[in-house]
Amino acid sequence: MTRTVKDTVKDSGMNGTPMVRAEGVHKSFGASHILKGIDLEVAPREVFCLIGPSGSGKSTFLRCINHLEKINAGRLSVDGELVGYRQKGDKLYELKDSEVARKRRDIGMVFQRFNLFPHMTAIENIMEAPVQVAGETRAVARARAERLLDRVGLADKAGHYPSQLSGGQQQRVAIARALAMKPKLMLFDEPTSALDPELVGDVLDVMRDLAQDGMTMIVVTHEMGFAREVGDALVFMDDGVVVESGHPREVLTNPQHDRTKSFLSKVL
């Protein structure tokens, strides 16, 4: 049976469980207190946009969701399961690295920089994790990689190396690579910030298609048009706290907090 990107969205959260729940999440790096008690929920199939100035904690929060960074206090769960820990009674126990890696397979992440393996072609980059991590046969992984490349508009670039691709094309390969593990949640950390302006549209089009297919997405972005058009919820963060939240159109057109108004006056 032919599968599409839509088929890669795992059935999840249909019992009302939030896909992501943060409760009083704190994160520090040495003396720097980056996240100062983040409380939020992301529903299944929701496109959740995070905006705010540089240094406000947006990217750090994304990295905490898939346990690339460990939180210092609070609770963070994905699809009802604690991130990086298990609970027994009233105590939390940190998971082994192998368990963390297994759970991380359910979360795709796309970074500002594309992080493709330079010595591998586009299709090899997409096949790598399914073969090496999930133990799929190369034939199965290649068939999915071909479909994903077609889905992101790069079917004719399968044999190209990253150095032969534009920034926008590399980012679309990075999105296909993340989708190859069939995640239930996709995290985007300013995926267009490193691109030339004329290349941004193609990447945003792929993200729009994912949203239409029902992928749960958390997007750190400065693309306010995308947030307004595609987003279901929007949070404005500053100095490690949630300042304002609501529907994107409402927050962007009628912000209530002075700090939100000041920020938006500079970016809209």
Side-chain angles (χ1 to χ4, degrees), residues 18-43 46-78 83-84 107-115 171 185-195 197 200 203-204 207 216-268:
M19 181 60 74
V20 177
R21 173 181 283 153
E23 304 170 87
V25 170
H26 288 256
K27 173 63 183 177
S28 296
F29 295 101
S32 298
H33 197 178
I34 307 300
L35 301 178
K36 304 173 182 177
I38 300 296
D39 293 290
L40 57 80
E41 289 188 359
V42 180
E46 188 170 52
V47 178
F48 192 96
C49 297
L50 289 172
I51 66 171
S54 298
S56 59
K58 308 181 301 296
S59 296
T60 296
F61 180 64
L62 278 197
R63 293 175 64 84
C64 289
I65 291 174
N66 65 359
H67 209 56
L68 289 175
E69 301 290 352
K70 299 178 183 179
I71 64 175
N72 299 116
R75 295 167 67 91
L76 189 56
S77 60
V78 172
V83 173
I107 305 173
M109 188 160 184
V110 179
F111 301 87
Q112 296 178 36
R113 293 292 176 177
F114 327 118
N115 296 328
Q171 192 63 294
L185 169 67
M186 285 285 286
L187 309 176
F188 292 88
D189 187 8
E190 299 190 26
T192 61
S193 65
L195 302 180
V200 168
V203 173
L204 294 181
M207 295 170 66
T216 309
M217 302 161 60
I218 303 179
V219 185
V220 172
T221 184
H222 291 296
E223 299 290 341
M224 300 302 161
F226 174 86
R228 182 186 294 108
E229 175 193 347
V230 182
D232 299 301
L234 182 143
V235 157
F236 171 67
M237 287 179 61
D238 187 33
D239 195 27
V241 301
V242 172
V243 176
E244 189 166 345
S245 62
H247 191 278
R249 291 188 183 91
E250 180 64 24
V251 174
L252 293 175
T253 59
N254 189 30
Q256 300 300 301
H257 196 283
D258 287 343
R259 183 65 187 95
T260 316
K261 294 176 183 178
S262 175
F263 174 77
L264 291 176
S265 71
K266 296 179 176 65
V267 299
L268 290 177

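Taking every heavy atom of both residues into account, Ser245 and Val251 meet most closely at C-CG2, 3.8 Å. Glu190 and His222 get closest at one heavy-atom pair: OE1-CD2, 3.4 Å. Of all heavy-atom pairs between Pro255 and Leu252, the closest is CD-O, 4.1 Å. When every heavy atom of His33 is checked against every heavy atom of Ser28, the shortest pair comes out as CD2-OG, 3.4 Å. Closest approach of Pro53 to Phe263, counting heavy atoms only: N-CE1, 3.5 Å. Heavy-atom minimum distance, Ile38 versus Gly240: CD1-O, 3.4 Å.
Side-chain atoms of Lys58 never come within 3.5 Å of backbone atoms of Ile51 as a donor-acceptor pair (strictly under, hydrogens ignored). With hydrogens and angles ignored, the 3.5 Å screen pairs no side-chain donor or acceptor of Ser32 with any backbone N or O of Ile34. At distances below 3.5 Å, not a single donor-acceptor pair connects side-chain atoms of Gln171 with backbone N or O atoms of Thr192. Of the possible donor and acceptor atoms, none in the side chain of Asp189 sits under 3.5 Å from a partner among the backbone N and O of Gln112. Side-chain N or O atoms of Asp39 include one that pairs as donor or acceptor with a backbone N or O of Gly24 at under 3.5 Å.
Distance check, rounded to the nearest 0.5 Å: CE of Met19 to CG of Leu185 gives 6.0 Å. Note: Ile71 CD1 to Phe61 CZ = 9.5 Å, rounded to the nearest 0.5 Å. Leu187 CG to Cys64 SG: the interatomic distance, rounded to the nearest 0.5 Å, is 11.0 Å. Here the straight-line distance linking atom CG of Leu204 with atom CZ of Phe188 works out to 10.0 Å at 0.5 Å rounding. For the atom pair Leu76 CG and Lys70 NZ, the distance stands at 14.5 Å (nearest 0.5 Å). Here CG of Asp232 is found 10.0 Å from CE of Met217. Values are rounded to the nearest 0.5 Å.
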- Kindly indicate, with the supporting measurements, whether the criterion side-chain contact (heavy atoms from CB on, under 4.5 Å) is fulfilled by His257 and Phe236. CA-CA 10 Å; His257 196 283; Phe236 171 67; 5.9 Å; no

- Start with the C-alpha gap between Leu195 and Phe114, add the side-chain angles, then the distance that decides, and say whether side-chain contact (heavy atoms from CB on, under 4.5 Å) holds. CA-CA 10 Å; Leu195 302 180; Phe114 327 118; 3.7 Å; yes

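Residues Val267 and Met224 have side chains in contact (heavy-atom distance under 4.5 Å, counting atoms from C-beta outward). Annotation: side chain of Val20 is not in contact with side chain of Phe48 (no heavy-atom distance under 4.5 Å). At a threshold of 4.5 Å between non-hydrogen side-chain atoms, the residues Val203 and Glu223 do not count as touching. Side-chain contact between Glu69 and Ser59 is absent, with no heavy-atom pair separated by less than 4.5 Å. Between Arg63 and Met109 the shortest side-chain heavy-atom distance falls below 4.5 Å.
For the side-chain contact (heavy atoms from CB on, under 4.5 Å) criterion with Glu244, the lone passing option out of Gln256, Met237, Lys261, Glu250 is Gln256.
Side-chain N/O atoms of Lys266 and Ser262 include a donor and acceptor closer than 3.5 Å.
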